[in-house]
Amino acid sequence: MTGLSSAIRTPDQKLRVFISSTLRELAPERKSARVAVERLHLAPVMFELGARPHPPRDLYRAYLEQSNIFVGIYGDRYGWVAPTESVSGLEDEFNLSGALPKLIYIRETDGEREPRLNELLDRIRTDDTASFKYFSDADALTGLLEADLAILLAERFTAGTAAAPPDQDAPADEALSTFPSPVTELIGRSREVAGLKRTLARESVRLVTVTGPGGMGKTRLAIDVGEDLAPEYPDGVYFVDLAPVQDPANVATAIAQTLGVRNTGDGPVEDKLVMALRNRRVLLVLDNFEQVLPAGAVVARLLAALPSLNVLVTSRALLRVNGEHNFELGPLAQPHPNGDDRAGAVHLAAARRSPAVTLFVERSRAVRPDFELTGENVEAVVRICVALDGVPLALELAAARIRLLSPDLMLARLDRRLPLLSGGMTDLPARQQTLRRTIEWSTQLLGDEERQLLAQLGVFVGGFTLEAVESVCSADDDADTDVLSMLGVLVDSSLVRQEERPRQTYFTMLATVREYALEQLEASGSLDALRRAHAEYYVGVAAAADRLLDGEQQGEWMSRLVDDRENLRACERFYLDKGEWESATAFAWSLYLYWWIGGHLGEVRGWMDEVLAADAELSPAARARALYFTGAIRFWQDPVEGITQTLTESAELFAQEGLPRAQALTLVSVALAALEHGNAEEAESVLETSLHLFRSAGDRWGEAMALVSLGLAAVLQQKLTRALNRFEESLAFTLRQKDQLGATIALHHCGWAHLFLGDVPAATVEFEDALVRSRDVGHNEGVAYGLEALTAIAAQTGDVVRAGRLFGAALSLREQTGLFNAPSISFHRAWVGPLQGGAQGAEFAKGEAEGRRLNVRAAVSYALPPAKGGAVDLFEERLSVSKDTE
């Protein structure tokens, strides 16, 4: 292949994934592919992201030369053939992909593909180096590509490395995926990076706290070190942003959330973390710990319980716990005058070697590409760096103004402003005051409206959308206010940061800037009013989600709520702090499906315990909601006397208030509690009432859930045909509603009914389909149930090793995500028990140990046949590779 490989660089220097497709026809699919690649912390190599100006043919050829994986996405069109070429660019890209691993995706179509594209696809299908699948739409492509890339990295690349034995080739699913993706290079910190890595490498060091004032670059240093150390931690390096966490009691929940451990309320979160991290070599990076310092005890307990865990903390203050090692981060080095007669004169060469100057120049070029350090401006630049004490964030804020102010003008303004500003607390360290004064200097260059908006943005916790800003920060309904333009000014000034999420643009603020904004908001006397406006906006978001979470927009709304989760928590916290119990319980209730699917019911239970403990007069509806959340979870693992009475009281209160849907949902929990205690007939009677209420309210989702529960009651009574009818009726409802999660649950139960009836082929198909759906919607609980169901199928067909592997993978998933398995519906145990205690127990145990080493994606791939996105037999492939390298 020829091209300009030495002249044209791909957008990133990470592992590169070249994406080939027609541009306009498949624009949504290209966007989805980019999202999938970036979620795995890889670099998408795409024509539209590329260098200019270069001939298109040279560009994509150069990109291919620098890529590691080829992804081809094909629709109906073959693409344009240039006058001097015999094939289109689309076919040329495939021809030039050579020996690269190839993942091919073909969009299903109702029309006709162009003939030459059909010829190309026929050739691709016979290419034994290419894997191809069909997909329905852009959203489906995202899930397929993300899963396939993960499997490819885990299986093909690691299997090709002789140093990776079979029991070490299953990296954690989300290793490094929780890390922010910096868009700029870390400058001037090579010595600190090396020093911090040396400290963490010492066997006796398991907790390191990087300390220093705000804006010093602690987070950025931790990100780079964490990424560099990833090979040393085969089970993952995880980044936990604690900036939105204000209550030390929520630190364990924040860590669990990052690790994918669900706080379902069936046990202490800290215990679940210990279970999830047991025997795993993991590095936790806990960022912005200063506002939750009492939670240092949580970190100490985790380290004591988990010998393989290491923790890297960033904080303005030490945690003050045993075993802590301090790594103090100072400012960037600045140049000094060269000692000649000119006051402050600096050699240009010396300035260019200064990290502080280098950072200022690089950040200045981001807003003014032609900016250069010259003999004419070097003294002003150096003096700016000195005035800002070499504090990285202060330098970035100043550099953002270089488009409007020359270095000389900037220096004059800084010299005049910095000594006079007093926007920060006087008891802060000197360099912290420098940063705060720089933030205030930056705001002085804004217009009044931009300054006001910046202060108002302090009310948001975590990220926020333009829609949220327009609603919360434009309470005066001023039609002339252009929030988008003002937000753009704040982004250009580096006071607000912009990031692209899969479905929309989000904005964030650094913790130090948000602190400043909140101070201004509080000083203006408008903080409480803005918090109420903030809460009312997210009440509206929750109301919209309540209407749409059980239908075809389920995935879209779950993704949006995950992005908004810190603001949702802040909304609930506002109403709790105000003692507005009606609003607090109504808000929690409206997001019931989100809390359940997302694994947050334990946190909600804590809020509702707070409501009930307030000893305040509650409305019947508020009390009913609080009782439901405190009782509906506990019976699974804590069947103490009184829980059924609690749920029954909740149902009666809902009935009293004329809320049939809420009453029906509560009765489902009453019935499940009865099932758990072996009272199937009593449960069936309660569920019939629940089903009637759901139907009378027109609640299709509730009706489907009640039918599944009735099917369970029938199974436990050995009424298998009735059970199958109930499950199939539920499946029909969920498919009509396009409720993916509901359909998954119904399909899974249909599989069990067929298996109990002796129809193994039908059961296998339904279990596999349910597992595929669980994988595609990211529902780990459904994945665990699917793996367990296929364990029973393998046992039924006599494949003991496969049964062991699937069982081990399911156990590992439950332990690592905190998923509880209710005994009454753990049907697979009837097949597992005899294998564990029988003549083939050792064989089963060996398979179980192998299965425990699989991450989620690899386990699902192993469980499914190739036609449904599974691997042929990854264990046999691994074993053959291992033998070849011995």
Side-chain angles (χ1 to χ4, degrees), residues 39 174 177-182 214 219 222-223 238-260 263 285-292 295 314 453-473 487 490-491 495-518 521 527 530-531 533-542 545 557-577 587 591 594-595 598-600 603-604 607:
R39 279 181 184 172
E174 304 300 332
S177 69
T178 63
F179 270 59
S181 298
T219 299
I223 289 172
Y238 295 89
F239 182 91
V240 184
D241 182 10
L242 295 175
V245 181
Q246 301 302 312
D247 185 349
N250 291 333
V251 167
T253 297
I255 296 172
Q257 188 172 276
T258 300
L259 289 168
N263 180 7
V285 180
L286 307 180
D287 191 40
N288 291 299
F289 210 96
E290 54 270 357
Q291 79 278 5
V292 289
T314 73
L453 179 61
L454 178 67
Q456 292 173 329
L457 294 179
V459 77
F460 290 101
V461 186
F464 47 89
T465 64
L466 173 62
E467 175 191 341
V469 176
E470 289 177 328
S471 176
V472 175
C473 303
L487 199 55
L490 297 179
V491 171
L495 292 164
V496 171
R497 298 190 174 188
Q498 176 180 338
E499 57 184 73
E500 295 300 324
R501 303 281 175 91
R503 297 186 184 275
Q504 58 187 327
T505 300
Y506 259 66
F507 300 91
T508 59
M509 301 170 72
L510 289 176
T512 46
V513 178
R514 181 172 182 264
E515 286 174 9
Y516 174 84
L518 279 172
L521 196 57
L527 177 57
L530 258 293
R531 280 186 169 150
H534 173 275
E536 289 173 353
Y537 171 76
Y538 285 101
V539 165
V541 170
W557 271 95
M558 278 300 299
S559 177
R560 174 173 179 177
L561 294 173
V562 167
D563 285 337
D564 283 336
R565 61 192 172 200
E566 301 302 340
N567 286 300
L568 298 175
R569 286 179 170 132
C571 174
E572 179 68 24
R573 188 74 257 160
F574 173 80
Y575 289 125
L576 290 172
D577 290 343
F587 178 73
L591 287 173
Y594 167 68
W595 306 128
H600 304 299
E603 195 172 355
V604 182
W607 294 333

For the CZ atom of F239 and the CG atom of L286, what is their distance to the nearest 0.5 Å?
9.5 Å
Look at the side chain of E566 and the backbone N and O of F460, then say whether any donor-acceptor pair between them is shorter than 3.5 Å.
no
Taking the side chain as every heavy atom from C-beta outward, state whether L568 and L561 have any atom pair closer than 4.5 Å.
yes
Should R569 and E572 count as an ion pair when the cut-off is N to O under 4.0 Å?
no
Determine whether D563 and Y506 make a side-chain contact, defined as any pair of heavy atoms from C-beta on separated by less than 4.5 Å.
yes
Working to the nearest 0.5 Å, report the span between CG of L495 and CG of L454.
5.5 Å
Grab the two heavy atoms, one from H534 and one from C571, that are nearest each other, plus how far apart they are.
CE1-N, 4.4 Å
Considering non-hydrogen atoms only, spot the tightest contact between W557 and V541 and give its length.
CZ3-O, 3.7 Å
Tell me whether Q246 contacts the main-chain N or O of A243 through its side chain, where contact means a donor paired with an acceptor under 3.5 Å.
yes
Could you give the distance from CG (L242) to CD1 (I255), rounded to the nearest 0.5 Å?
6.5 Å
All heavy atoms of V461 vs all of A570, minimum pair found to be CG2-CB, 3.8 Å
Of all heavy-atom pairs between V245 and A254, which one has the smallest distance, and what is that distance?
CG2-CB, 4.0 Å
Given side chains that start at C-beta, do those of T219 and D241 come closer than 4.5 Å, heavy atoms only?
no
Do you know which two heavy atoms are closest between A295 and V251, and how far apart they sit?
CB-CG2, 3.5 Å
Could you tell me how the ring of W595 sits relative to the ring of F587: parallel (under 30°), tilted (30 to 60°) or perpendicular (over 60°)?
perpendicular
Contact between Y516 and L510 at the side-chain level, heavy atoms closer than 4.5 Å - yes or no?
no
What's the separation between atom CD in Q498 and atom CG in L490, rounded to the nearest 0.5 Å?
12.0 Å
Flag side-chain contact, heavy atom, 4.5 Å: V469 against L453
yes
Smallest separation among heavy atoms of T314 and N288, with atom names:
OG1-N, 3.0 Å
Does any non-hydrogen side-chain atom of Y575 lie less than 4.5 Å from one of V539?
yes
Check the pair D287, I223 against side-chain contact (heavy atoms from CB on, under 4.5 Å), reporting the backbone distance first and the verdict last.
CA-CA 10 Å; D287 191 40; I223 289 172; over 6 Å; no
Y538 OH to L591 CG distance, which is reported to the nearest 0.5 Å
12.0 Å
R497 side chain vs M509 backbone, donor-acceptor pair below 3.5 Å
no
So, are R560 and E467 salt-bridged, with charged N and O less than 4.0 Å apart?
yes
